[in-house]
Structures are given as C-alpha cells and as structure tokens.
Asks: 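Have a look at this one before I ask anything.
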2 protein chains.
Amino acid sequence: MEVKLPTFNSVFSIDCVIFGFEAGELKILLIERNEEPYKDWLALPGYIVEQDESIDNAAERILYELTGLRDLHMQQFHTFGEVNRHPQGRVITVAYYALIRINGQKELKPVTQYAKSAFWHPVNELPKLAFDHTEIFQTGFNKLRRRLNYQPIAFELLPEKFTLTQLQSLYEAVLNKKLDKRNFRKKMLSYGFLKELDEKQKGVSYRAAKLYKFDRRKYTKIFQNELNLDS
Amino acid sequence: MEVKLPTFNSVFSIDCVIFGFEAGELKILLIERNEEPYKDWLALPGYIVEQDESIDNAAERILYELTGLRDLHMQQFHTFGEVNRHPQGRVITVAYYALIRINGQKELKPVTQYAKSAFWHPVNELPKLAFDHTEIFQTGFNKLRRRLNYQPIAFELLPEKFTLTQLQSLYEAVLNKKLDKRNFRKKMLSYGFLKELDEKQKGVSYRAAKLYKFDRRKYTKIFQNELNLDS
DNA sequence: AATATAGTGTGTCAGATTTACACCATTAAA
DNA sequence: TTTAATGGTGTAAATCTGACACACTATATT
C-alpha cells in the first residue's frame, strides 16, 4: 500500500560558519546578500537545499556557489527551527562549520548572483547579521572551542608548516585566554604527533623559530584506540 | 519587495531517542508502528513537524502523542538528511534525545493511532528498526556517552534518592565498562554536589546503603564559572 | 543462636599530569 | 654595539588517577 507524504511548504536551508586564522586573528567568512529579504545585509553563506541532494552535499555546493571554496571538510553542528526565523515563511536551517587555511591567493568569488561578495571578517566585533545568523555563529563558535580540546582541528587553520608560537596564538584566539608558553609546548610536543622540520621561519627580523608540521598518520596511530564519540 | 520562497515537497520530521535506566540496564523507548511504510516495525518515536511549531515544540508534542510522556527536557543532537532515507519521498529528520526516570507506574500509551504501542527496550540486543533508526540511535548513544563525562545527566535517569552503587552501575551501563568502586566514590563525592541523606535503602536483604540526592543548586554554584560550551 | 549470603564502605601509595614561574639565546635593525 | 623582538628551555609543588583488599552490617537460613 502506497501512502503519500503530506505536502507542506517547508523549506530547508544550509548555513555555513567557516573559520579561518590570519594575522593572529580568528575570522569567519561572510557574504553580502544580493537578494531579498535582507538584501545588502551581511550574512553567513547559506542557501536552500535541493530535493535530490543530501544535506552534506548541499552544504558543499552552497558554500562553493557563494564563495568559490570547495572541498572543505564540513560538519553539521545544529539545526535551527524556530517558526519565525525567516520573514517569508517556514525555513528550517541546518548549520555546518568548517575550518580552513586562509590563503592569500585563494580568491573569494561568488559564482551565483545571490551574493555580491564574500570576505573574511574577524570574529570579534562582528556586525549585525541577517536572520538569526548571529546566534548561529555563536553556537558554532562554542562548538569550535569545545572541539579544540579533543580533536586535532587547530592544524586545519594553520599553514602546513607552522611555529609553536603560531599554534599557541591560535589556541589563545579560540579559547580567548592566555596560555603558559612552556607548559603549552611541553604538552603539545608530548603528544608526539608534531614533526619537527629542518627548516626555520624566514623573513622575520628576530630569531627565527623552528617549523613543525602535523603528522596525521602518527596522530591516528596514537589515537586509533580511543573511542570515536564525536558523531 | 516581496519575494516568494520556492515551494518544495520537503518534509521535516523529528525522531526521539529516549533513554531510561531500570534494573541495572540502560533502555530506550520504542514504538510499534501502525502506519505505512514500515507498518508493524519497531521504530524510534517520531513524526512530522507541523508548519506552525518550532522543532523543539514539535519534539515534545510528537513524543507525547506517541508515548504519553510529557515535559521531558529534550535536546537535538543531529539532523539526518540523506536523500533516500525515507522510501516515500524526501524527509529530513532532526533527532532529539532525552533522559528519563523509568517509573513503574507511568504508563506508556500512544495517544494517536500512528503507533500501536510504546515500550522500553534494553539498548543491548536492539532489534532491527525502521528507516535509518538504528543509525540514529547509535549516534544518540554516542552523544550520551560523551556527555556523561561532563554534564550531570546521570541523575536524570535515577530515582531522586539513590545509592552510590546505583549511580556507579549506571555509569558502567552507559560507558560499557567496569569502574573501580573506591575510586568512583571518592571522585563523585569530591565534586561536592551529592547530598548525603539521613535515610537508608529499604527492603534489601543485606546491609542497606546510604541514600544520596543530587543537589542541583550546589552543582550550578560550583560550575557556574565554567564556560557553558554545550550548545 | 549460629552461620551463610550479599552488598556496603573505607585508605594508601605510586605514578602521571598539571601548574606556576624566569632567564638566556638568537637574529635583524638601528 | 646596542636595542628590540621573539625563541627556547627545566624544575618543583600540587593535584589527579589508578591499582588494590578486607572488615562491616543486615537479613535470611538452618
């Protein structure tokens, strides 16, 4: 027996909180909207999910269309479903987050006309955002903080080769507190998944620091036995 | 300028993973479906969200209609959005979880005809469930495990007055491993939010254990300064 | 009354982890 | 050569964790 699903005018969307780290500051990706409602406002990159794509795929597509960025590892973190969160009807949105190295070269260029531009903005002093995007951002930021403590996500925000000071300042930016240099280094190195390179920092006008990189293979070897309770 | 939202035949639903603890065993609430598809199968309590209710409200309503339970503190934990997770069309579902004291008296009685019955089932040896509900359950169970370590959720599963042994066996059931009795007690008591009562267990044929209760006021006082990163 | 049964309740020590804390080294620029 | 800026390092105290065993108490059984 076939039973038909009820047909409602319900719309699903995706919104993305994309974190980057640049010049010692944590930033997120914003777009300038080119569509009503909230035309000309700043907003998180987000749009409507199509009928025939999974929400994970939708997240990737939408981010690409609005910013030109691809192949990020995005994870959903919360779904926002208040009745009046969208002025034009019922829209439930699934929020995703991702981390990315901000790369001077990589241009941010919307592929659709729904956004006028896309750009990085420091997470401190965020302007007012469209819809309930300020709340969505805040929830995502909390998630990021929490995950920083038990997942190797910091390395996705840094260049491939980085100094311990850069790593520490990233932790400090995300957690919003000062850490002790010696203790921080001792602990990070004790994990055993940082690989010390034979290279040093270049172009600084003071003693150059050693460069390290994150050894993902070692990381998984070390932590393969721990339950993955992340889902 | 008014812009109309596109109209898709998208359907939203809620599914609930409700945990209870009884006779030393962790259980979840299942229903027997009375509707196609998957008529007569066992499933998590779940149904479709209405146009004019928030998803949080929908979760409460749906659980009530299918099981007769009300006023649980439910929290969403994941949204499942694969294209073909529902055989009759596109249905995206937001999964919620909650913890509850299983109370002998409290009867489980569906209010709607969509379920034939509702009952508790041990989380070990779960039968095959309808749709992707096995995966939803598994994700929720992982979430529960993780939260047990940093949130005072164990107490929602126990009677108001409980013994330390009961508390320990709950932890053991959720984490699925044996804990050391002396260390467990030392640690729990050291937090300072367990209130020792002047009462003892009754009706046991061996030395009666002291009863404790969870002092939520003390708990919040102790942990008020810690960042609440739970959202 | 004696005994069996079943679970309660308790302390210590070793090892690991966390925290606090200050100074010399190196490089480039002035 | 001096200054400015950051890199890099060790130790000791305090705290936390994990391993480990036995006497106590209440009831039921004989």
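Order of the sequence lines fixes the chain letters, A, B, ..., with proteins taken first and strands second; residue numbering starts at 1 for each chain. Worth saying up front: this structure is predicted, and the values here are computed from it rather than measured.
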Asks: What's the CZ-C1' distance between B:R182 and C:dA14, to the nearest Å?
Replies: 15 Å
Asks: Rounded off to whole Å, could you give me the CE-to-P distance for the B:M188 and C:dT10 pair?
Replies: 17 Å
Asks: Go through C:dT27, C:dT10, C:dA22 for me and flag the one nearest to the A:Y206 side chain.
Replies: C:dT27
Asks: Whole angstrom is fine here: how far is it from NZ in A:K178 over to P in C:dT19?
Replies: 17 Å
Asks: Is B:R185 near enough to C:dG9 that one of its side-chain N or O atoms lies under 4.0 angstrom from OP1 or OP2?
Replies: yes
Asks: I'd like to know if the side chain of B:E65 and the backbone of B:I62 have a donor-acceptor N/O pair within less than 3.5 Å.
Replies: no
Asks: Please check if the side chain of B:H78 supplies one atom and the backbone of B:A95 the other of a donor-acceptor pair under 3.5 Å.
Replies: no
Asks: Hey, is the main chain of B:L179 close enough, under 3.5 Å, to the side chain of B:E172 for a donor-acceptor pair?
Replies: yes
Asks: Identify, between B:N183 and A:L189, the residue whose nearest nucleotide on DNA chain D lies closer to the 5' end.
Replies: A:L189
Asks: Taking atom C1' of C:dA28 as reference, at what distance in whole Å does atom CZ of A:R207 sit?
Replies: 14 Å
Asks: Any side-chain donor paired with an acceptor under 3.5 Å for A:R185 and A:S190?
Replies: no
Asks: What is the distance from NZ of A:K202 to C1' of C:dT27, rounded to the nearest Å?
Replies: 15 Å
Asks: Take atom NZ in B:K109; do more than 12 heavy atoms of anything else shown fall under 6.0 Å from it?
Replies: no
Asks: Looking at C:dA6, C:dT10, C:dA29, which one has an atom nearest to any side-chain atom of B:K181?
Replies: C:dT10
Asks: Calculate the interatomic distance between B:F184 atom CZ and C:dG11 atom C1'; express it in whole Å.
Replies: 19 Å
Asks: Applying a 4.0 Å non-hydrogen cut-off, can you work out what B:T163 is touching in the nucleic acid: base, sugar-phosphate, or nothing?
Replies: nothing
Asks: Of all the nucleotides listed (C:dG9, C:dA20, C:dG11), which has the minimum atom distance to the side chain of B:K186?
Replies: C:dG11
Asks: Tell me, please, the opening and closing nucleotides of DNA chain D, 5' to 3', among those with an atom under 4.0 angstrom from a non-hydrogen atom of chain A.
Replies: D:dA5 to D:dT11
Asks: How close or far is atom C1' of C:dA20 from atom NZ of A:K187, stated in whole angstroms?
Replies: 15 Å
Asks: Tell me whether the guanidinium CZ or amine NZ of B:R146 lies under 6.0 angstrom from the six-membered ring centre of B:Y150 and within 45° of its axis.
Replies: no
Asks: Measure the distance from CD on B:Q168 to C1' on C:dT8 and round it to the nearest whole Å.
Replies: 12 Å
Asks: Any Lys/Arg nitrogen of A:R101 or A:E156 sitting under 4.0 Å from an Asp/Glu carboxylate oxygen of the other?
Replies: no
